[in-house]
There are 2 protein chains.
Amino acid sequence: MTLRPTQACEHCTLRQLCLPVGLPQHELWQLDEIVQQRRPIEKGTALFNMGSRFDTLFAVRTGALKTVLNTDDGTEQITGFALAGDLLGLDAIHSGQHPVSAVALESTSVCAVPYTHVDDLADRLPTFRQHMMNVMSQGLAQDESLHALLGQRTAEQRLATFLVTLSERHRARGLSTERFYLPMSRADIANHLGLTQETISRLFTQLRKQGVISLHTRDLEILEPQSLRNAAGVTITPAASSA
Amino acid sequence: MTLRPTQACEHCTLRQLCLPVGLPQHELWQLDEIVQQRRPIEKGTALFNMGSRFDTLFAVRTGALKTVLNTDDGTEQITGFALAGDLLGLDAIHSGQHPVSAVALESTSVCAVPYTHVDDLADRLPTFRQHMMNVMSQGLAQDESLHALLGQRTAEQRLATFLVTLSERHRARGLSTERFYLPMSRADIANHLGLTQETISRLFTQLRKQGVISLHTRDLEILEPQSLRNAAGVTITPAASSA
DNA sequence: CGCTCTTTTGACTAGATTCAATGGTCGTGG
DNA sequence: CCACGACCATTGAATCTAGTCAAAAGAGCG
């Protein structure tokens, strides 16, 4: 099952996840007026490139993208994966330039909101301003968890955590937490987690043999969620976290 | 609550770096009215603990802190180091709970701003709201660079990049970029960079032997800035366009 | 001045990478 | 509709970077 947003924010299935969060019904139309639809982006093409001018905030409607940071020696770092309902471009506000590229992992459609309008909304609607602050704050906290993952955890723990996190993100979207499609390649997962694709492949094989997951190409089924959480090893203590 | 009379933001040397950025003179007094001073925090003690309620934003006046994320198996991840002028607590806005602890690395004093007042200022002063968005956006972008550092770089590149970054932060504060004190231990640096203290120690020895740095205990001098940048290896290139 | 914590150095180990080759999948065009 | 080619995934063997364990030297504090 896929999420099929309708044109108006008011009727969008992602309403509880995306920009409209917390906006009263009668204010949603203000958002609707400025949201622009774009034709779907083909798999492998960029929504925007690193270094390009930032003037538009994007929200993923359907599909998935990876955000990629390029270094001058040709290496890449995939800093995250954006799923339906996620916002793209918040990291570019301060400099006016995108610090990463956003590349579609599959055919993807987005909503585009000129940032001047976002700023204007934030000015007029306190609820909206607070929502924007909340989203950015959550991003900062998630980055800290990711830092801990990369800094302290083994390859197996990183992959298991990645899968658990993906599962949780599907839950937030009302999708199955046990069965879902991985829109990214093994190499993408590896790069994101600071590992190599060979290591990821070996770990997948291992998890399959242990009966924890079933994985055919990119169709994942989590057979033993608790085992996977155990493999992830660590939960962060204060309260439930997500990433 | 032992609050001393507020000292004016207007005359603070960190004015260009901290919360007052972009506020016109006549609006600074609004900030001054709500900023509370606190008695200095002793080295090793926490300004706030992970999991504790968030209701106050902090700005470092003097000294330095580390932000630490604890996992339930006893490991720690130092997610960052806060220097004079840096803000603490932005990652807690969305959940109302601190996702990290902030621990003083030396005797440290901070300004405390109740978050309700910050929100109120953001409501009344568009410039202030935009500054807050900018600071958080910059934080997100910095986290992405850090992700690339941990995910793709060797131990030597990580340490060299860390030193270069520290040097740049000193520059932003009008301090010497070539000579400064390291307020954190080798173990702290190691933890932050996803390495061990032994590795950091060996790398420092190596950089000393190469004549790139001079380091006595925690007094650092960068003798050959260019060599250090070379050792850092990579600079991030949003040079895709700009201009 | 002595105790403790931090830093340095050495020897050995191990988890993950690299290099290399084979096996699968999928889209495209004959 | 099947075959080809490109890309993605898996597996194996050898290597290496950084970690672990251990011990000694140095700095700071009461």
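The chains referred to below are lettered A, B, ... by the order of the sequence lines, with proteins before strands, and numbering in each begins at 1. Computed from a predicted model, the values in this text were never measured in an experiment.
- Enclosure of atom CD in A:E42 is not indicated, since only 12 or fewer non-hydrogen atoms of other residues, nucleotides or ligands lie within 6.0 angstrom.
- Checking the phosphate oxygens (OP1, OP2) of C:dA16, no side-chain nitrogen or oxygen of A:T199 falls inside 4.0 Å.
- Heavy-atom nearest nucleotides on DNA chain D were determined for B:L195 and for A:Q197, and the one closer to the 5' end corresponds to A:Q197.
- Atom CG of B:L193 and atom P of D:dG19 are 11 Å apart (whole Å).
- The phosphate of D:dT11 has OP1 or OP2 within less than 4.0 Å of a side-chain N or O from A:T205.
- Among the heavy atoms of the strands lying under 4.0 Å from A:S185 are primed sugar atoms or P, OP1, OP2 only; no base atom is included.
- Look at A:R186 and you'll find a side-chain N or O under 4.0 angstrom from OP1 or OP2 of D:dA9.
- Taking atom CZ of A:R208 as the reference point, atom P of D:dA9 lies 11 Å away to the nearest angstrom.
- As rounded to whole Å, 9 Å separates atom P of D:dG12 from atom CZ of A:R202.
- Nearest nucleotide to the side chain of A:E198, out of D:dA13, D:dG19, C:dA20: C:dA20.
- Both A:R158 and A:T217 sit near DNA chain C, but only A:R158 has its closest nucleotide nearer the 5' end.
- Regarding contacts with the backbone of C:dT8, a side-chain N or O of B:S201 is found under 4.0 angstrom from either OP1 or OP2.
- As a whole-Å value, the separation of A:N191 CG from D:dA9 P is 13 Å.
- Protein atom CG of A:L182 is 15 Å distant from nucleotide atom P of D:dC8, rounded to whole Å.
- What separates CD of B:Q152 from P of C:dA16 is a distance of 16 Å, to the nearest Å.
- In summary, B:D219 and B:R179 do not engage in a salt bridge, as defined by a charged side-chain N under 4.0 Å from a carboxylate O.
- Within 4.0 Å (heavy atoms only), A:G194 reaches sugar-phosphate atoms of the nucleic acid but no base atom.
- A donor-acceptor pair is defined here as one N or O able to donate and one able to accept, closer than 3.5 Å; such a pair exists between the side chain of B:R173 and the backbone of B:A84.
- Atom pair B:Q206:CD and C:dT9:P shows a separation of 12 Å (rounding to whole Å applied).
- When heavy atoms are screened at a 4.0 angstrom cut-off, A:I200 is found touching no nucleic acid atom at all.
- Side-chain nitrogen and oxygen atoms of B:T196 include at least one within less than 4.0 Å of the OP1 or OP2 phosphate oxygen of D:dG19.
- The distance between atom CE of A:M184 and atom C1' of D:dC7, rounded to the nearest whole Å, is 18 Å.
- B:S107 places no side-chain N or O within donor-acceptor distance of the main-chain N or O of B:K43, the cut-off being under 3.5 Å.
- Side-chain atoms of A:T71 and B:R153 include a donor-acceptor pair closer than 3.5 Å.
- Comparing D:dT10, D:dG19, C:dT6 by their closest approach to the side chain of B:R218 singles out C:dT6.
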